[in-house]
There are 6 protein chains.
Amino acid sequence: MTNQTLTHFDSTGRAHMVDVGHKAETARVARAAGSIFMQPATLALIRSGSAKKGDVIGIARIAAIQASKRTGELIPLCHPIALTRVAADFVIDEAQNAVHCEVTAECFGKTGVEMEALTALSVGLLTIYDMAKAVDRGMRIDNIRLLEKSGGKSGHWLAE
Amino acid sequence: MTNQTLTHFDSTGRAHMVDVGHKAETARVARAAGSIFMQPATLALIRSGSAKKGDVIGIARIAAIQASKRTGELIPLCHPIALTRVAADFVIDEAQNAVHCEVTAECFGKTGVEMEALTALSVGLLTIYDMAKAVDRGMRIDNIRLLEKSGGKSGHWLAE
Amino acid sequence: MTNQTLTHFDSTGRAHMVDVGHKAETARVARAAGSIFMQPATLALIRSGSAKKGDVIGIARIAAIQASKRTGELIPLCHPIALTRVAADFVIDEAQNAVHCEVTAECFGKTGVEMEALTALSVGLLTIYDMAKAVDRGMRIDNIRLLEKSGGKSGHWLAE
Amino acid sequence: MTNQTLTHFDSTGRAHMVDVGHKAETARVARAAGSIFMQPATLALIRSGSAKKGDVIGIARIAAIQASKRTGELIPLCHPIALTRVAADFVIDEAQNAVHCEVTAECFGKTGVEMEALTALSVGLLTIYDMAKAVDRGMRIDNIRLLEKSGGKSGHWLAE
Amino acid sequence: MTNQTLTHFDSTGRAHMVDVGHKAETARVARAAGSIFMQPATLALIRSGSAKKGDVIGIARIAAIQASKRTGELIPLCHPIALTRVAADFVIDEAQNAVHCEVTAECFGKTGVEMEALTALSVGLLTIYDMAKAVDRGMRIDNIRLLEKSGGKSGHWLAE
Amino acid sequence: MTNQTLTHFDSTGRAHMVDVGHKAETARVARAAGSIFMQPATLALIRSGSAKKGDVIGIARIAAIQASKRTGELIPLCHPIALTRVAADFVIDEAQNAVHCEVTAECFGKTGVEMEALTALSVGLLTIYDMAKAVDRGMRIDNIRLLEKSGGKSGHWLAE
């Protein structure tokens with residue numbers, strides 16, 4: 001990582017939305033994951049809701065997809081991106097008292113979609129927090145990370 | 001936690017924005033915290049930037065404050081809230097190769113501001129990820145949690 | 001209706017956001033309703049989805065609630081309003097091959113929430129159209145109307 | 001319509017923003033129509049306003065065009081779209097005591113613009129309701145439907 | 001102006017949304033003004049349009065009012081505010097080849113509405129630029145300033 | 001400028017988002033400039049802040065970049081645009097007691113980016129006003145203008 005610099009700043013240190021006009025348009029994919037940990041009783045409430053009524057996971061999924069489209073408004077130096085696909089999967093993990101979420105975002109464009117995947121993921125988990133907070137304020141959102149990305153000049157990247 | 005139910009759903013399991021019209025307006029405060037972990041060289045870049053040029057932390061702070069005002073748009077069942085104060089502190093931790101963030105949100109109103117604090121926090125940390133991702137895609141956002149809240153019928157709550 | 005004028009325009013015909021600063025804050029409620037009509041097979045798909053998987057109605061409900069919070073952005077002369085409650089009910093009507101929707105919006109404030117209820121309703125029905133349009137482009141949204149409103153100087157109003 | 005499924009859900013029933021990355025970019029057009037019915041005296045107010053002062057129709061037209069650009073924020077599973085043209089026509093119909101609206105939306109892209117046309121139309125009609133509601137709360141928005149669409153794999157579609 | 005500091009920063013220089021929770025709610029008014037200067041032929045086009053067709057001024061007025069409601073999203077450290085009135089007047093000035101605009105914003109709250117008036121004003125003038133730019137790219141927006149404000153602890157202020 | 005008309009209106013004077021579907025996609029650049037004038041003591045506060053703490057200029061730069069992405073929401077007849085670069089430079093001018101700002105916006109598309117540059121510029125200057133208004137309400141934003149644009153059928157344009 002020698003001689004690395006932060007590309008969101010020009011040579012005098014001023015933030016800018018970096019020039020991507022010259023970049024090729026390629027198919028781009030990003031996958032991100034994260035989890036929310038909670039009390040066993042809270043997880044039980046969410047799980048029963050998903051099966052019968054009070055669909056916490058279904059609402060979190062919609063919130064995640066919706067948030068992916070607002071990424072450029074939330075993250076100051078992100079470019080606006082025409083997403084071509086967003087999917088959010090949630091897995092209820094009784095062993096760890098957690099809900100795990102994985103989001104995949106795709107576009108065909110000049111910049112990557114890592115932030116779109118991560119923003120969707122974060123808002124999806126926050127939505128679970130919101131719905132269950134009245135019974136469990138101590139929930140913890142953890143381990144938000146990029147799993148994989150492909151496309152663009154930097155090519156394929158896979159988390160170790 | 002016996003007989004608990006998720007208040008965002010009515011008795012038939014349908015989601016709604018719960019009625020807070022009858023609640024008293026009180027001073028409400030929420031504090032939330034979280035961290036982003038990274039490579040030592042990435043942290044060094046952020047630290048040097050903050051001192052001289054390329055102010056990653058300053059931009060993340062603005063992104064966090066701005067996001068707090070969009071909470072109701074992002075989290076489906078949140079009420080719109082007239083925030084009266086938002087502050088975001090970031091601490092660079094060389095021992096752990098992390099940036100820690102703490103957000104305080106306040107309002108005088110009928111509902112709490114936990115989600116506003118947590119949303120600001122998440123977007124602040126995502127903004128750091130965005131700015132440093134070109135040099136370190138493996139950064140991890142961790143331990144997002146509520147520290148404390150006060151105001152409203154449920155009163156004071158402090159994380160253990 | 002003699003001597004009526006449109007209050008969104010001043011005496012010279014210029015549009016404005018009318019002054020409500022002097023109005024009393026009162027509890028305000030509005031109920032609106034509307035329907036979407038479709039092919040029997042389309043309704044069957046929606047109905048089976050709601051029961052088992054592919055929850056069209058659940059997503060339309062979230063879209064409706066979310067839209068109520070954006071009313072002031074969409075309707076040019078609406079005041080921003082701090083909604084205290086929004087609920088959206090959907091009824092599947094096999095006899096008429098329709099989904100009927102009713103939205104209730106509430107606030108405690110200086111202006112009514114009719115537009116919030118009607119905007120939520122419209123976006124909820126449009127969301128159903130979006131999800132089913134690949135199998136039935138000829139669906140029709142009909143009979144969007146206010147059912148009832150209360151609060152404010154004009155008091156209670158009930159549709160005939 | 002045998003073997004039809006709702007494409008906004010995957011094989012396990014989970015909602016997603018469907019993958020359009022592989023679709024060809026084609027010229028796409030959608031036309032939608034709808035009406036608002038009212039008291040004769042209300043229509044007279046709107047008509048006189050449009051001619052001289054208090055331009056209800058002009059404001060509704062701007063609201064419709066503005067709303068078309070927010071479609072992806074309002075309809076949860078819509079893709080963001082770069083619209084290339086939006087036009088909204090309103091016709092005052094004294095025989096039926098109605099204002100009829102027709103919206104045309106166009107883009108060159110991977111997905112259709114039906115929802116953009118329908119969303120613009122709905123918000124345009126809601127804006128008329130908003131401006132005239134102080135004199136006529138019983139107005140009714142009716143017959144919102146797609147008239148025609150072209151472009152994309154499904155090709156041309158014309159309402160019967 | 002001795003010992004003045006910028007209140008949007010805390011004692012260590014960090015930006016925050018300043019605490020207004022303790023402030024009294026008072027009636028607040030702000031008036032702002034500004035102008036756009038252009039070629040005589042451009043002004044003639046705008047003037048004829050306003051009279052007969054192509055209502056540039058009417059559209060700019062709606063854009064100004066709409067923008068006032070987005071102030072908190074645009075100006076990073078502004079508080080969200082429940083505006084109770086916004087009005088925008090435009091005057092065509094043939095002697096100076098200009099359109100002058102004045103915006104008045106009002107609320108009953110804990111913070112002033114100067115930024116709401118100035119933001120509405122700026123967007124109103126930019127909208128005129130947008131509509132006429134195809135015939136006159138050299139237009140100039142000038143003299144954007146606060147004329148007057150009242151309410152709050154700092155009381156009445158009038159531009160000299 | 002004979003026979004000029006305002007292209008945002010059709011032949012009957014109705015506003016529309018003009019059809020750009022047939023236009024070629026070209027590289028497009030726009031540069032805009034403007035200034036804010038203030039008391040010498042205000043400028044000194046801003047200048048000291050930028051050097052040490054309370055970074056007014058840094059925050060105004062982020063606000064400008066963020067606003068460029070919202071142009072289509074603010075300016076009614078603007079097309080949504082996928083910006084590929086935005087940069088905002090601020091110069092402190094002690095001789096004139098002013099901060100000068102210049103914004104460059106770029107895209108590769110069917111329409112120009114003049115409004116994106118001008119909107120970013122205006123919001124950047126308004127953000128400076130917001131941060132310093134508590135010590136100097138008499139600041140004046142002046143001379144907002146396009147400096148240069150290139151790309152598209154009308155080609156290169158440079159302010160005299």
Side-chain angles (χ1 to χ4, degrees), chain A residues 1-2 4-9 12-15 34 39 41-42 45-46 49 52-56 59-60 62-63 66-67 70 73-78 112 114-115 118-119 122-123 125-127 129-146 149 154 157 159-160, chain B residues 1-2 4-9 12-15 34 39 41-42 45-46 49 52-56 59-60 62-63 66-67 70 73-78 112 114-115 118-119 122-123 125-127 129-146 149 154 157 159-160:
Chain A
M1 213 189 298
T2 336
Q4 290 279 24
T5 56
L6 299 179
T7 53
H8 285 81
F9 300 94
T12 65
R14 288 185 294 235
Q39 296 294 324
T42 313
L45 273 172
I46 290 175
K52 190 164 43 94
K53 58 181 188 174
D55 184 6
V56 170
I59 295 173
I62 294 300
Q66 283 287 68
R70 316 294 293 272
E73 297 180 17
L74 295 170
I75 310 298
L77 302 179
C78 269
E114 295 98 314
M115 295 316 300
L118 286 161
T119 300
S122 298
V123 171
L125 294 171
L126 288 168
T127 298
Y129 186 96
D130 178 47
M131 294 199 170
K133 71 178 188 297
V135 300
D136 186 2
R137 282 205 176 72
M139 288 175 286
R140 195 179 78 251
I141 294 174
D142 242 355
N143 207 14
I144 293 181
R145 65 206 185 276
L146 191 67
K149 61 135 281 198
S154 68
W157 180 91
E160 295 169 15
Chain B
M1 212 188 297
T2 335
Q4 291 279 24
T5 57
L6 300 179
T7 53
H8 286 80
F9 300 94
T12 65
R14 290 186 292 236
Q39 296 293 325
T42 312
L45 273 172
I46 290 174
K52 190 164 44 92
K53 59 180 187 175
D55 184 6
V56 170
I59 294 172
I62 293 301
Q66 283 287 67
R70 314 294 293 273
E73 297 181 17
L74 295 169
I75 311 298
L77 302 180
C78 269
E114 295 97 315
M115 294 316 300
L118 287 162
T119 300
S122 297
V123 171
L125 294 172
L126 287 169
T127 298
Y129 186 96
D130 179 48
M131 294 199 169
K133 72 177 186 296
V135 300
D136 186 2
R137 281 205 175 73
M139 288 177 286
R140 196 179 77 251
I141 294 174
D142 243 354
N143 208 11
I144 294 181
R145 66 207 184 277
L146 190 67
K149 61 134 285 200
S154 69
W157 180 90
E160 295 168 17

> Can you say whether B/T127 sits under 4.5 Å from chain A via the side chain, the backbone, both, or neither, judging by heavy atoms?
Replying inline: both
> So what's closer than 4.5 Å to chain B heavy atoms on A/E160: side chain, backbone, both or neither?
Replying inline: neither
> Relative to chain A, which of B/L77, B/T7, B/L125 shows the most heavy atom pairs under 4.5 Å?
Replying inline: B/L77
>> So B/L126 and A/S122, do their side chains get closer than 4.5 Å, heavy atoms only?
In response: yes
> Which bit of B/S154 comes within less than 4.5 Å of chain A, counting heavy atoms only: side chain, backbone, both or neither?
Replying inline: side chain
> Do side-chain atoms of A/D142 reach the backbone of B/N143 as a donor and acceptor pair under 3.5 angstrom?
Replying inline: yes
>> Under a 4.5 Å cutoff for heavy-atom pairs, which residue among B/R137, B/H8, B/E114 has the most contacts with chain A?
In response: B/R137
>> Quick check for you: to the nearest 0.5 Å, what is the distance between A/F9 atom CZ and B/L45 atom CG?
In response: 10.5 Å
> Quick one: salt bridge (charged side-chain N to carboxylate O under 4.0 Å, His left out) partners of A/R70, sequence neighbours excluded?
Replying inline: A/E73, B/E73, D/E73
>> To the nearest 0.5 Å, what is the distance between CG on A/L6 and CG on B/D55?
In response: 11.0 Å
>> Between B/M115 and chain A, with a heavy-atom cut-off of 4.5 Å, which part of the residue counts as in contact: side chain, backbone, both or neither?
In response: side chain
> Which atom names give the shortest non-hydrogen contact between A/Y129 and B/L118, and what distance separates them?
Replying inline: CE2-CD1, 3.4 Å
> Taking side chain as C-beta onward, heavy atoms only, is B/V123 less than 4.5 Å from A/I75?
Replying inline: yes
>> B/K133: which residues meet the salt bridge (charged side-chain N to carboxylate O under 4.0 Å, His left out) condition with it, sequence neighbours left out?
In response: B/D130
